[in-house]
Amino acid sequence: MDPEDDQAPADPLALIERERANLVRQIAPDPRLMYWPWGFAWLIGFTLFFLRYGPDGRVYVDLPDWLPLVVLMLLFIAAGITTGFAGSRSVRRTSGPTSRAGRLYGISWSISFFSLSVLFGRIANDLSEAQAGLLWAGGMVALTGTLHMAGSAIWQDRQLFVLGAWTSLINILGIAAGPGWHSLIVAVGGGAGMIVAGFLGWRRLR
Amino acid sequence: MTETPELDPVIHAQARLRVVSALSALRDDDKVTFPWLQESLGMTAGNLSVHLRKLEDAGYVEVTKTHQGRTPATLLRLTRRGRLAFEEYTAALRALLDPGASS
């Protein structure tokens, strides 16, 4: 027997908890990589929308009219690549129901966003610029909230449900307040919500 | 603390307790690849293999050789028997620590 096998029972229990936490940390994607890129994309992108396309057509900062959309799209692409990379790396570390669920969940995000894009792209031309902007942003934020809530059921993660419900709630408030206000509410409430979720998830794993 | 007969000798060795504890964090039917288990434990590949073989011989760990794409991969999980043994081991530990709680 190794000398290290002889130890007081107080140590094995601590050892068990440490090794369990280590493995979870090893196979779970880093919550900071999963949430922060989206949180900052919403915070920066929708703030630019608010400044350029404020409530009742107000222009708070005279940015080029194409700038907010281009910045938002670039930030979304960067966030999508980051989370796609971090998520698939995590999925490959294990095999079985959880890994399969992760893969399907990731694909669900891509397909559902694509299908809403096709729909909105088709009907947005018939709307005013402000209404079309609200349709795009409100629809995508609603889908994000829904997928987070569905994700909470898959991962048995209450915190993810809170994030999804919060995102849905501020989206409804923003839509009710109208174009312009929606951008501000989603930028601050939604962006901050994801940054906080990333921080809490990271602290829980640490 | 001296050795106690109720503690499963297969698990009651620090290295194997660490392996079984780490694997117990997986959900039922999930498997982890060898390199990530190794990195999580910070053990050498040789040392980990030795202990995995003992756990496999006891019927506690299932070792699956497969391919991920073209790369050969070794997947590991606790068997139902291994999970049960781990649960009994932790229950026995807790009872030893706090005999009043179980009576």
Side-chain angles (χ1 to χ4, degrees), chain A residues 1-31 33 84-107 151-158 160 201-202 204-206, chain B residues 1-4 6-43 47 51 62 64 66-69 71 73-78 86-87 89-99:
Chain A
M1 227 170 140
D2 290 344
E4 53 184 28
D5 292 348
D6 265 332
Q7 53 180 317
D11 284 331
L13 286 177
L15 188 77
I16 288 165
E17 285 317 310
R18 191 164 67 240
E19 295 303 347
R20 284 173 61 86
N22 275 349
L23 189 90
V24 170
R25 190 165 42 235
Q26 194 72 31
I27 59 178
D30 187 332
L33 291 180
F85 182 73
S88 67
R89 204 173 49 170
S90 161
V91 156
R92 282 198 305 271
R93 289 173 188 181
T94 61
S95 163
T98 302
S99 166
R100 203 155 44 238
R103 198 171 284 126
L104 296 175
Y105 184 55
I107 294 169
S152 77
I154 299 168
W155 309 119
Q156 297 290 299
D157 182 346
R158 190 184 298 267
L160 192 54
W202 170 68
R204 193 168 50 173
L205 280 183
R206 210 159 46 129
Chain B
M1 178 68 68
T2 52
E3 213 177 0
T4 318
E6 296 119 66
L7 292 176
D8 187 333
V10 179
I11 300 181
H12 193 55
Q14 175 151 307
R16 288 195 294 279
L17 175 59
R18 292 180 59 208
V19 173
V20 171
S21 301
L23 290 176
S24 76
L26 293 171
R27 287 203 206 172
D28 283 349
D29 298 330
D30 277 344
K31 300 169 183 177
V32 66
T33 57
F34 185 96
W36 288 109
L37 177 63
Q38 189 198 333
E39 188 165 320
S40 177
L41 293 164
M43 293 168 96
N47 194 19
H51 289 292
E62 181 189 293
T64 314
T66 179
H67 283 81
Q68 285 187 335
T71 332
T74 302
L75 299 170
L76 306 155
R77 66 180 275 262
L78 279 186
F86 175 69
E87 279 162 13
Y89 176 82
T90 50
L93 269 185
R94 292 212 165 84
L96 276 174
L97 265 180
D98 187 7

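Please read these numbers as outputs of a predicted model, since none were measured by experiment. To find a chain, count down the sequence lines: A is the first, B the second, and so on, and within it residues start at 1. Below, all heavy atoms of this structure are taken into account, side chains as well, without hydrogens, waters or symmetry copies.
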To the nearest 0.5 Å, how far apart are CZ in A:R18 and CG in B:L41?
11.0 Å
Quick check: do A:I16 and B:F86 have side-chain heavy atoms less than 4.5 Å from each other?
yes
I need the minimum non-hydrogen distance between B:S21 and A:E19, along with the two atoms involved.
CB-CB, 3.8 Å
Contact summary for B:S24 and A:R20, nearest pair of heavy atoms:
OG-NH1, 2.6 Å
Between A:T94, A:L23, A:V24, A:N22, which residue shows the highest count of heavy-atom pairs closer than 4.5 Å to chain B?
A:L23
In short, salt bridge (charged side-chain N to carboxylate O under 4.0 Å, His left out) pairs touching residues 22-38 of chain B with sequence neighbours left out are B:D28-B:R83, B:D29-B:R77, B:K31-B:E62
Testing the basics here: between B:T33 and A:R92, what is the closest heavy-atom pair and its distance to 0.1 Å?
CG2-O, 3.8 Å
Identify, with sequence neighbours excluded, every residue that meets ring pair (Phe, Tyr, Trp, His ring centres under 6.0 Å) alongside B:Y89.
B:H12
Can you tell which part of A:I27 gets under 4.5 Å to a heavy atom of chain B, answering side chain, backbone, both or neither?
side chain
Checking heavy atoms, do the side chain of B:L75, its backbone, both or neither come under 4.5 Å from chain A?
side chain
Heavy atoms only, distances under 4.5 angstrom: which of A:A21, A:P97, A:G96 has the most pairs with chain B? Name it, please.
A:P97
